[in-house]
**Student:** 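Quick one: structure below, then a few questions.
For this chain, numbers begin at 1 and follow the sequence in order.
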Amino acid sequence: MANNREAKITSDELSIIITLSRELGLSQEEIKLINYSILGVKKLDVQEVITHLKNIGVIFYSKKENTIFVADEMVRLLRKVRKKEVADKFYRRTLKLLREPIINTISKNHNLDRKLPYSQKNRKHHPCRNILYRPTAG
């Protein structure tokens with residue numbers, strides 16, 4: 001090693017980063033930013049990435065149709081990793097279908113403030129969202 005200037009994270013440094021991220025409540029995105037500020041991002045061609053993901057079995061790629069397919073098993077695994085039972089797009093579609101009286105009934109049944117405007121009940125931080133969208137347990 002040339003004066004310990006090599007761009008790598010040792011196991012001790014990784015353990016410190018993990019402990020700090022847990023204690024500070026850092027998000028996955030913030031942890032990635034810390035790691036990439038140390039390691040840097042390796043730039044790859046899109047075709048290289050597709051080939052690598054195909055070789056490790058994460059995706060299927062059709063050159064003829066120029067389409068990437070993701071197996072249902074991988075989608076379920078990614079949702080489990082992200083602690084989500086339902087994809088965000090399905091959650092948003094469902095919320096758009098619910099009329100205000102239905103949202104009010106849900107709020108009433110779960111002792112939530114029904115006097116809030118409809119737009120606030122659909123916000124990401126509102127408890128009503130957590131009733132309709134429950135993350136899976138670890």
Side-chain angles (χ1 to χ4, degrees):
M1 283 188 252
N3 297 328
N4 200 21
R5 295 183 186 262
E6 196 173 325
K8 71 174 190 171
I9 299 175
T10 66
S11 60
D12 291 337
E13 292 167 333
L14 182 60
S15 135
I16 292 169
I17 290 172
I18 290 170
T19 303
L20 281 173
S21 66
R22 195 175 359 169
E23 293 299 319
L24 295 173
L26 299 178
S27 69
Q28 284 296 105
E29 190 64 30
E30 292 167 324
I31 295 168
K32 277 194 270 183
L33 288 172
I34 291 169
N35 289 337
Y36 290 141
S37 69
I38 297 168
L39 298 175
V41 178
K42 182 179 175 185
K43 293 184 180 182
L44 296 174
D45 181 46
V46 173
Q47 208 56 43
E48 287 179 61
V49 174
I50 290 172
T51 303
H52 177 69
L53 291 173
K54 187 180 80 170
N55 290 342
I56 62 173
V58 174
I59 63 169
F60 302 102
Y61 179 64
S62 169
K63 287 184 183 178
K64 180 180 175 183
E65 297 176 23
N66 198 27
T67 305
I68 295 174
F69 299 96
V70 182
D72 290 341
E73 294 83 6
M74 290 307 301
V75 172
R76 282 193 292 273
L77 180 65
L78 289 171
R79 284 192 191 128
K80 188 174 182 180
V81 167
R82 295 179 70 204
K83 296 182 178 156
K84 295 185 176 187
E85 284 181 25
V86 179
D88 286 339
K89 68 179 181 181
F90 297 123
Y91 165 72
R92 284 190 299 270
R93 285 181 196 165
T94 303
L95 264 186
K96 287 178 185 177
L97 293 174
L98 295 177
R99 295 187 341 247
E100 192 165 357
I102 295 171
I103 297 281
N104 286 337
T105 302
I106 293 169
S107 297
K108 177 183 171 188
N109 291 341
H110 293 277
N111 298 322
L112 302 174
D113 186 7
R114 289 182 286 155
K115 293 179 176 44
L116 286 174
Y118 179 73
S119 60
Q120 285 187 343
K121 290 176 187 171
N122 282 338
R123 288 211 175 123
K124 201 171 195 171
H125 65 276
H126 192 273
C128 191
R129 179 185 194 276
N130 297 331
I131 292 166
L132 297 173
Y133 170 75
R134 295 184 188 269
T136 57

**Student:** Rounded at 0.5 Å granularity, tell me how far CZ in Arg79 sits from CZ in Arg76.
**Tutor:**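 So the gap between those two atoms works out to 9.0 Å.
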**Student:** Among all residues two or more places apart in sequence or in another chain, which pass the salt bridge (Lys or Arg N to Asp or Glu O under 4.0 Å) test with Glu23?
**Tutor:** none
**Student:** Under a 4.5 Å side-chain heavy-atom rule over Ile, Leu, Val, Met, Phe, Trp and Tyr, are Phe69 and Val58 clustered together?
**Tutor:**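 No, Phe69 does not connect to Val58 through the hydrophobic network.
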**Student:** To the nearest 0.5 Å, tell me how far Thr51 OG1 sits from Asn55 CG.
**Tutor:**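 Nearest 0.5 Å value for the OG1-CG distance: 6.5 Å.
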**Student:** Applying salt bridge (Lys or Arg N to Asp or Glu O under 4.0 Å), which residue pairs with at least one partner in residues 43-53 are found, sequence neighbours left out?
**Tutor:**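 Residue pairs passing salt bridge (Lys or Arg N to Asp or Glu O under 4.0 Å), neighbours aside: none found.
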**Student:** When clusters are formed by joining ILVMFWY residues with side-chain heavy atoms under 4.5 Å apart, either directly or through shared neighbours, do Leu53 and Leu78 land in the same one?
**Tutor:** no
**Student:** Looking at side-chain heavy atoms only, is the closest gap between Leu20 and Ile34 below 4.5 Å?
**Tutor:**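 With C-beta onward as the side chain, the pair stays apart.
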**Student:** Within this structure, what is the OH-OG1 distance for the pair Tyr61 and Thr67, rounded to the nearest 0.5 Å?
**Tutor:** 8.0 Å
**Student:** Tell me which pairs pass salt bridge (Lys or Arg N to Asp or Glu O under 4.0 Å) where either residue lies in residues 26-36, with sequence neighbours left out.
**Tutor:**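 Listed by first then second residue: Glu29-Lys32.
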**Student:** Please tell me whether Val75 and Phe60 are part of a single hydrophobic cluster in this structure, the criterion being side-chain heavy atoms less than 4.5 Å apart.
**Tutor:**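 No, Val75 does not connect to Phe60 through the hydrophobic network.
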**Student:** Working to the nearest 0.5 angstrom, can you tell me the gap between Leu33 CG and Ser27 OG?
**Tutor:** 7.5 Å
**Student:** How many angstroms lie between atom OG1 of Thr19 and atom CG of Leu24, to the nearest 0.5 angstrom?
**Tutor:**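 Rounded to the nearest 0.5 Å, the OG1-CG separation comes out at 10.5 Å.
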**Student:** What's the separation between atom CD1 in Ile31 and atom CG in Leu26, rounded to the nearest 0.5 Å?
**Tutor:** 5.5 Å
